[in-house]
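Quick note: residue numbers are just sequence positions, from 1. Side-chain atoms are counted along with the backbone in the values below, which use heavy atoms only and exclude waters and symmetry mates.
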Amino acid sequence: MSSWAQGAALLVTAAGLVAAPVAYRMVGDARRALAVLLDFLTAAGLVRLSGDLSWNGVLTAAAVIALRHLITFGLTPSRSGTAPEVRPGVR
């Protein structure tokens, strides 16, 4: 891997480690803060992939992105117990 990609990936990872607690402090929701961290880690993985393009790296990046979506989907609250939306004047 090239040194610029490794440095950029490290910088993006560090930014994610700083942004996640800031997001938690601002929003107060741990799920959203974790989603911010996972987005930064995904971006860092894609930057690393740009420096070392191989099928093994592509498959690893695809697996990380799929895992990120599964984790984020698993953390979202279920809407099954909510009442349907009622619009005034619509029958």
Side-chain angles (χ1 to χ4, degrees):
M1 174 182 0
S2 63
S3 62
W4 70 267
Q6 187 173 2
L10 182 62
L11 184 64
V12 171
T13 301
L17 291 173
V18 170
V22 170
Y24 177 72
R25 184 124 168 116
M26 291 178 67
V27 178
D29 186 10
R31 292 175 297 185
R32 290 187 183 183
L34 182 60
V36 167
L37 177 62
L38 291 173
D39 283 339
F40 272 93
L41 293 178
T42 301
L46 291 175
V47 169
R48 287 181 56 99
L49 179 63
S50 71
D52 182 26
L53 192 58
S54 66
W55 282 110
N56 204 15
V58 171
L59 292 175
T60 302
V64 167
I65 291 170
L67 183 63
R68 182 252 183 255
H69 282 286
L70 285 173
I71 289 172
T72 303
F73 179 75
L75 292 175
T76 57
S78 173
R79 295 185 177 195
S80 61
T82 61
E85 181 181 341
V86 178
R87 297 181 184 172
V90 177
R91 293 179 190 217

Handout entry: Hydrophobic cluster membership, L49 vs W55, 4.5 Å side-chain cutoff
Key = yes
Exercise for the section: Please name the pair of heavy atoms, one in L37 and one in G16, separated by the smallest distance, quoted to 0.1 Å. Expected result: CD1-O, 3.7 Å
Completion exercise
For V12 and A44, the nearest pair of non-hydrogen atoms, with its separation, is CG1-N, 3.7 Å
Completion exercise
Heavy atoms of G51 and A5 approach each other most closely as CA-CB, 3.7 Å
Practice task
Identify the two heavy atoms, one from F40 and one from A19, that lie closest to each other, and give their separation to 0.1 Å.
Solution key: CE1-CB, 3.7 Å
Handout entry: Linked, directly or transitively: L53 and I65 (ILVMFWY side chains, under 4.5 Å)
Key = yes
Handout entry: Criterion side-chain contact (heavy atoms from CB on, under 4.5 Å) on R68 and D39, from CA distance to verdict
Key = CA-CA 8 Å; R68 182 252 183 255; D39 283 339; 2.4 Å; yes
Practice task
Can you measure from CG (L38) to CG (L34) and round to the nearest 0.5 angstrom?
Solution key: 4.5 Å
Problem - Heavy-atom side-chain proximity of V36 to R32 below 4.5 angstrom - result: no
Problem - V22 to V18 - nearest heavy-atom pair and separation - result: CG2-O, 3.2 Å
Practice task
Consider only side-chain heavy atoms of I, L, V, M, F, W and Y, link residues closer than 4.5 Å, and tell whether L46 and V58 are in one cluster.
Solution key: yes
Handout entry: Shortest non-hydrogen contact between A33 and A20, atoms and distance
Key = CB-O, 3.4 Å
Practice task
State yes or no: do L67 and L41 share one hydrophobic cluster built from I, L, V, M, F, W and Y residues joined by side-chain heavy-atom distances below 4.5 Å, directly or via other members?
Solution key: yes
